[in-house]
Amino acid sequence: KMPFSVGYGMSVQASSKLKLALDVIWTDWADAFNKMEMTLSNGTNANINTMLGSTGFTYNFPLNWKNTVTVKVGGEYQFTNRFALRAGYDFNSNPVPASTLFPIFPAIVQNHITFGGSYLIGKKLTVNAAVESALYKKQTAANPSAIQSEFSGSVSGLKTTIFHLSFSYKL
């Protein structure tokens, strides 16, 4: 299930060409990601079914995530009526406790940088491009791990860069 969140955002037109924005968002990860229920059913491997005593099972995988606060700041500069550039930064507190950190689901990145722009090609067609980068973050799992002993003391790291390209057409 997805978490409940509450946010507040505002922007100000600092000048005729510059717009600045701020968002603050609280996310209720603690309720949504307290556990991850896994249900396996209709198993076809006779050996595994014999060991389990059935053709399926349910396991509540502990997550125990914490609530987070995200702060985003950004700006847009309109160079001409046809061309604008945007940049932003956001900080997100880490929801994943060391006790349930595991490499399959390392949602630990805290700092993101974004950069993009748009260009009006004609009266109705705009091309938009952007890049967003989640900066490298690493975290060490607790010892002992609440997930599995093999994760105890392990280190998980994550970073990502995503490129976007879109076209907008006004009818």
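This one's a predicted model, so the numbers in the text were calculated from it and none came from an experiment.
- Residue Met38 qualifies as enclosed at atom CE: its count of foreign heavy atoms under 6.0 Å is above 12.
- Note: Phe4 and Trp26 have perpendicular aromatic rings, judged against thresholds of 30 and 60 degrees for the angle between ring planes.
- Side-chain contact between Phe167 and Leu125 is present, with at least one heavy-atom pair separated by less than 4.5 Å.
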Take Thr58 and Thr39 through the test side chain to side chain donor-acceptor pair (under 3.5 Å) and record every step on the way to the result.
CA-CA 4 Å; Thr58 297; Thr39 301; 3.2 Å; yes

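- Between the side chain of Glu76 and the backbone N or O of Ala87 there is no donor-acceptor pair closer than 3.5 Å.
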Yes or no on side chain to side chain donor-acceptor pair (under 3.5 Å) for Asp23 and Tyr8, after CA distance, side-chain angles and deciding distance?
CA-CA 6 Å; Asp23 286 329; Tyr8 175 78; over 6 Å; no

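- A 4.5 Å side-chain heavy-atom check between Ile25 and Val6 finds every atom pair outside the cut-off.
- Put simply, the side chain of Arg82 gets close to the backbone of Leu120: a donor and an acceptor are under 3.5 Å apart.
- Formation of a donor-acceptor pair under 3.5 Å by the Ser152 side chain with backbone atoms of Ser149 is found in this model.
- Applying the ring pair (Phe, Tyr, Trp, His ring centres under 6.0 Å) test to Phe83 and every residue at least two apart in sequence or in another chain returns Phe79.
- Put simply, the side chain of Lys124 does not reach to within 4.5 Å of the side chain of Ser168, judged on heavy atoms.
- Atom CG of Asn45 has more than 12 neighbouring heavy atoms from other residues, nucleotides or ligands inside a 6.0 Å radius.
- Two rings, from Phe102 and Phe61, have their centers less than 6.0 Å apart.
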In sequence, state the C-alpha distance, the side-chain angles, and the governing distance for Lys17 and Gln78, and then conclude on side chain to side chain donor-acceptor pair (under 3.5 Å).
CA-CA 5 Å; Lys17 294 185 177 278; Gln78 191 77 42; over 6 Å; no

Under 3.5 Å, side-chain donor or acceptor atoms of residues 68-75 against the rest of the protein: list the pairs with distances, not counting sequence neighbours.
residue	atom	partner	partner atom	Å
Thr68	OG1	Trp29	NE1	3.3
Thr70	OG1	Asn92	OD1	2.5

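- A 6.0 Å sphere centred on NZ of Lys66 holds more than 12 heavy atoms belonging to other residues, nucleotides or ligands.
- The shortest side-chain heavy-atom distance between Ile113 and Leu135 falls under the 4.5 Å cut-off.
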